[in-house]
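The block underneath contains the structure these notes are about, expressed in structure tokens.
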Amino acid sequence: DDDLLLPYAHGHGPSHSHRHVRDCQSVLYGNTTHESRPSSNHSGLPVAESTVFVEPVVPGGSRWVYGHMTVVQDPLRTVSVLEPGGPGGCGMSKRATVEETAQAAGCLYAQNAGFFNTNGGQCLGNVVSDGRKVQDSNGVQNAQFGIRRDGTLVFGYLSQEDVLDQSNPFVQLVSGVVWLLRNGEVYINQSLTAECDKTQETGTLLDFINVVSARTAVGHDAEGKLILFQIDGQTRQRGMNLWEVAEFLKQYGVINAINLDGGGSSTYVMDGSLASYPSDSCEPRSRPRCSRRVSTILCVHPR
Ligand code: NDG
């Protein structure tokens, strides 16, 4: 398809196209650079189930992490990618705490999602929010999560053509960094060769993967339920590296998953109230730790 011909704008992309991903991936995946699954649709059940956990990072290990896992029964009708502070937030390079964005939208559960430029505050990557195309990444290649109009869940790498597709368009779309699990297998080594190194600001892509930190991720299980994942941490001191996040999710039956913005951005909100332990210090330092003003969020709302 045409993505082979599209140059990467602004020098942000890798020096290769989707052709590279296809050439370097095993025949197992053929020509596809992303995975698509029908989403579940259990309209009789509660919208979502949220669990808190304290678990050893490695089974039997001594390092423990605190986190939240949210299982969403009907992602098409109850999950939205929301701009910081509401519609238009990305256009204004706005940043808002997850509480602020979630309260305004009436989210039952919410966590931070897309990366942003820590200098200018710009939202990075693709953003489609409730059917509104907010911005596209201009072909910059990072792991994506999207929901199409018919409810199909999409994880992986998308060409500009895929992003702009009008036959079954994305109604929600957000970009992460590192495709953690593809078809139930850890896909981090492949992500290392394929993804843009400039979207995240925690060292090189390899450092970003290997460092322990607070993290957020999104994935799906075998039934097509959406799985939101958030763990607390502090970069270089507590939390999980991305290998551990991938193993953890795999162990709990997640099939495809991507990593979203983490570190001081990692935040979990229930009914508009902070329910996680963020790592950023408050400015001014009148209190110990504060929610960071972040970019886009993933919001689980009533049907
Ligand atoms: C977090 C990220 C950093 C990113 C910034 C803004 C981690 C470990 O938020 O990479 O540049 O999006 O995910 N850190 O600090």
Side-chain angles (χ1 to χ4, degrees), residues 10 12 57 63 65-68 81-85 89-90 92-101 110-127 134-135 137 140-145 173-180 188 191-192 195-219 228-246 248-249 257-269 276-283 289-298:
H10 314 309
H12 282 309
V57 169
R63 186 157 44 97
V65 285
Y66 289 79
H68 296 88
V81 172
L82 299 179
E83 295 178 76
C90 284
M92 293 184 288
S93 298
K94 207 167 164 181
R95 289 169 54 183
T97 61
V98 179
E99 296 97 295
E100 287 166 341
T101 307
Q111 61 189 40
N112 67 294
F115 288 76
F116 57 95
N117 183 323
T118 55
N119 293 315
Q122 293 90 349
C123 303
L124 298 176
N126 297 306
V127 180
V134 174
Q135 63 176 57
S137 74
V140 170
Q141 192 169 277
N142 286 118
Q144 314 289 325
F145 159 63
L173 183 62
V174 66
S175 302
V177 176
V178 180
W179 189 353
L180 297 168
I188 296 177
S191 299
L192 257 169
E195 291 197 31
C196 172
D197 201 354
K198 303 201 173 62
T199 305
Q200 60 77 28
E201 298 176 14
T202 309
T204 64
L205 191 55
L206 187 61
D207 295 334
F208 175 76
I209 288 167
N210 287 336
V211 76
V212 298
S213 189
R215 304 284 186 174
T216 65
V218 60
L228 307 188
F229 171 88
Q230 184 273 329
I231 54 141
D232 293 331
Q234 172 100 58
T235 304
R236 274 172 269 282
Q237 291 169 32
R238 297 187 298 279
M240 279 185 179
N241 66 42
L242 290 186
W243 306 96
E244 292 162 345
V245 174
F248 188 95
L249 292 173
I258 65 159
N259 174 62
L260 295 167
D261 193 14
S265 305
S266 178
T267 313
Y268 191 76
V269 166
S276 63
Y277 296 82
S279 58
D280 273 10
S281 305
C282 302
E283 289 300 338
R289 302 287 159 145
C290 279
S291 305
R292 180 183 285 182
R293 288 157 61 232
V294 297
S295 181
T296 52
I297 72 163
L298 281 178

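Here the structure is a predicted model, which means the values were calculated and not measured. For ligands, and for the atoms within them, numbers begin at 1 and follow the listed sequence. The analysis underlying the following values was restricted to heavy atoms, covering all of them including side chains, and did not include hydrogens, waters or symmetry mates.
The aromatic rings of His68 and Tyr268 sit parallel to each other, their planes meeting at less than 30°, with 60° as the upper class boundary.
With no hydrogens or angles considered, no side-chain donor-acceptor pair links Gln111 and Thr216 at under 3.5 Å.
Regarding atom 14 (N) of ligand 1, its nearest protein heavy-atom neighbour is Thr202 OG1, 3.1 Å. Looking only at heavy atoms of the protein, atom 6 (C) of ligand 1 is closest to Phe116 O, 3.5 Å. The nearest heavy-atom contact from the protein to atom 4 (C) of ligand 1 is Asp261 OD1, 3.7 Å.
With sequence neighbours excluded, the residues satisfying side chain to side chain donor-acceptor pair (under 3.5 Å) with Asp207 are Thr204.
Looking at Asn117 against ligand 1, nothing comes within 4.0 Å, counting heavy atoms.
Put simply, CG on Asn112 and CG on Asp261 are 5.5 Å apart, with the number rounded to the nearest 0.5 Å.
Inclusion of Phe208 in the set of residues having an N or O under 3.5 Å from an N or O of ligand 1 is not warranted.
Results of the side chain to side chain contact (heavy atoms under 4.5 Å, CB included) test with Pro84 over Ile297, Val98, Val294, Thr296 single out Thr296 as the only residue that passes.
The closest non-hydrogen atom to atom 15 (O) of ligand 1, taken over Arg292, Gln200, Arg95, comes from Arg292. When Ser295, Cys123, Ser213 are ranked by how near their heavy atoms come to atom 8 (C) of ligand 1, first place goes to Ser213. Scanning Gly262, Gly233, Gly239, Ala214 for the heavy atom closest to atom 7 (C) of ligand 1 points to Gly262.
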### Message
side chain to side chain contact (heavy atoms under 4.5 Å, CB included) for Arg293 and Lys94? Distances and angles first, verdict last.
### Response
CA-CA 9 Å; Arg293 288 157 61 232; Lys94 207 167 164 181; over 6 Å; no
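Counting the atoms of ligand 1 from 1 in the order shown, those under 4.0 Å from a heavy atom of Ser265 are 1 (C), 9 (O). Distances below 4.0 Å separate heavy atoms of Glu201 from the following atoms of ligand 1: 3 (C), 4 (C), 10 (O), 11 (O).
Taking a cutoff of 4.0 Å between a charged side-chain nitrogen and a carboxylate oxygen, Arg63 and Glu244 qualify as a salt bridge.
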